[in-house]
Amino acid sequence: MGIALASPSRLASLEGRLPTVATLCSHSSLQIFHGARAEQLPTLGLSVGPPPRFYDAFPLARPDRFLSVPKVAELSGTVPALREAGAVLIPHGSFVEYLGPEAFTKLDVPVFGNRAVLGWESDRRKERDWLESAGVSMPNRYESASEVDGPVIVKYYGAKGGKGFFLAKNREALADFRPTGPYVIQEYVLGTRYYMHFFYSPLSDRGYRVGHGSLELLGMDRRDEANIDELYKLGAQEELLKAGIRPTFVVTGNVPVILRESLLGKAFDVGARIIERSIELFGGMVGPFCVEGIMTEELEFKVFEISTRIVAGTNLFISGSPYSDLVAPGLSTGRRIAQELKRAQSEGRLAEVLS
Ligand code: ATP
């Protein structure tokens with residue numbers, strides 16, 4: 001038996017019925033609904049404004065019903081209807097960001113995974129403490145520009161999608177840096193980016209064992225980021241700056257990638273450390289999460305970010321990935337969530353996967 005994350009009162013609305021998979025219609029919701037339908041679970045789409053019309057074009061992913069509110073701020077008001085519907089909320093990037101991690105954490109509806117993790121993800125300092133104390137390698141962090149001894153990336157807090165980040169080749173290039181808000185200066189890691197989609201099941205008693213459960217790797221992507229990904233074609237940074245072009249990292253899409261097979265051991269080691277430490281710190285991260293990092297030419301994996309919920313890169317793999325195909329055929333992250341919910345319910349262990 002693992003760790004109980006939810007109180008009996010939180011779970012009372014699920015008594016004696018199949019849980020309804022509910023999420024905000026955005027981000028990875030088509031995949032989440034598609035996976036729930038494949039597992040015969042009822043679905044409910046929350047929408048701000050009328051339900052997106054393009055959902056009509058995807059009959060296998062359209063939720064059974066919609067619950068619409070006129071404004072994001074009114075999402076919290078749907079709690080009684082969601083409890084009435086026996087809903088389990090699936091957090092995704094847009095859902096948590098639109099509502100704000102704090103408001104999301106306060107919703108009195110069962111949430112898939114441990115909601116306590118959102119407080120660790122949304123605070124860059126806590127996130128670093130968690131990962132470093134887990135023994136995960138991260139890019140260096142410089143306390144001030146005078147310490148810089150190589151290329152750096154300067155990240156302003158709350159710079160959504162990396163807009164406003166900037167790169168400096170060395171300390172000299174930072175001489176004129178006048179911050180316009182709170183920021184961190186981080187080592188710019190040269191290498192290849194990988195965004196690894198993991199799933200931690202506290203219920204599973206087979207596979208790659210971690211804690212009381214097991215760790216699965218369901219996919220991997222790299223993000224297309226405008227305009228940085230194509231800037232190199234235009235030449236050197238200084239020249240670009242003279243032309244008024246600054247690099248940005250706004251995500252515009254995702255591409256599938258795989259890792260050299262011999263590096264998979266490192267990937268699992270990083271995932272396992274993060275889970276083990278999460279169990280010690282706050283009772284464990286459950287369900288999907290994504291480790292975002294850079295593999296250097298020395299084959300060291302440096303993690304610059306973790307997303308503690310389903311990421312949009314998993315949308316590449318609705319019918320399976322080169323990794324999930326080795327776990328079960330046609331397995332998406334959305335479907336894996338539905339399977340975990342069903343298993344938890346049939347074994348009377350919902351408190352271990354919901355909070
Ligand atoms: P999101 O929340 O959308 O994931 P964010 O605003 O939190 O983004 P990061 O994920 O930290 O920002 O970084 C955005 C992008 O910047 C990364 O996808 C990567 O391309 C680049 N990047 C971030 N940190 C580093 C680093 N230390 N070295 C090299 N590139 C980096």
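Counting starts at 1 for both ligands and their atoms, following the listed order. Start at 1 with the first residue, then count along the sequence.
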* **Lys/Arg N to Asp/Glu carboxylate O, Glu280 vs Arg277, below 4.0 Å** => yes
* Would you mind telling me if ligand 1 is within reach of the side chain of Met138, the backbone, both or neither, using heavy atoms under 4.0 Å? => neither
* Asked: Considering Glu305, Glu292, Lys155, which one's heavy-atom position lies nearest to atom 11 (O) of ligand 1?
  -> Lys155
* Part of Val251 within contact of ligand 1 (heavy atoms, under 4.0 Å) -> neither
* **Closest to atom 16 (O) of ligand 1 (judged by heavy-atom distance), picking from Phe249, Tyr195, Tyr157** => Phe249
* Structure fact -> Under 4.0 Å from one or more heavy atoms of Glu187, ligand 1 contributes atoms 26 (C), 27 (N), 28 (N)
* To do: Any atoms of ligand 1 less than 4.0 Å from a non-hydrogen atom of Ile294? List them with their elements.
  => 28 (N), 29 (C), 30 (N)
* Asked: ligand 1 versus Tyr156, non-hydrogen atoms closer than 4.0 Å: side chain, backbone, both, neither?
  -> neither
* To do: Mind telling me whether Phe165 and Phe249 have parallel, tilted or perpendicular rings, with 30° and 60° as the class edges?
  => tilted
* Asked: Salt bridge or not for Asp149 and Arg171, using N-O below 4.0 Å?
  -> no
* Out of curiosity, is Arg124 lining ligand 1, as in a heavy atom under 4.0 Å away? -> yes
* State the atoms of ligand 1, each with its element, that fall below the 4.0 Å cut-off from a heavy-atom position in Phe165. => 6 (O), 12 (O), 13 (O), 14 (C)
* Is there any N or O on Tyr188 that sits under 3.5 Å from an N or O of ligand 1? -> no
* Asked: Phe301: what forms a ring pair (Phe, Tyr, Trp, His ring centres under 6.0 Å) with it, not counting sequence neighbours?
  -> none
Quick one: side chains of residues 285-292, donor-acceptor pairs under 3.5 Å with protein atoms, not counting sequence neighbours, listed by atom name and distance.
residue : atom : partner : partner atom : Å
Glu292  : OE2  : Arg223  : NH2          : 3.2
Glu292  : OE2  : Ser307  : OG           : 2.7

* Asked: Tyr208 vs Phe268 aromatic rings, parallel, tilted or perpendicular, using cut-offs 30° and 60°?
  -> tilted
* Asked: More than 12 foreign heavy atoms under 6.0 Å from CD of Glu347: is that the case here?
  -> yes
* To do: Taking only heavy atoms of Pro139 into account, list the atoms of ligand 1 that are under 4.0 Å away from them.
  => 27 (N)
* Asked: Can Val21 and Ile337 be said to form a side chain to side chain contact (heavy atoms under 4.5 Å, CB included), step by step?
  -> CA-CA 9 Å; Val21 170; Ile337 292 171; 6.0 Å; no
* Asked: Using 4.0 Å as the upper bound for N to carboxylate O, is an ion pair formed by Asp129 and Arg125?
  -> no
* Asked: Just distances here: any N/O of Val189 and N/O of ligand 1 closer than 3.5 Å?
  -> yes
* Asked: Considering only heavy atoms, which of Arg223, Glu225, Glu97 lies nearest to atom 18 (O) of ligand 1?
  -> Glu225
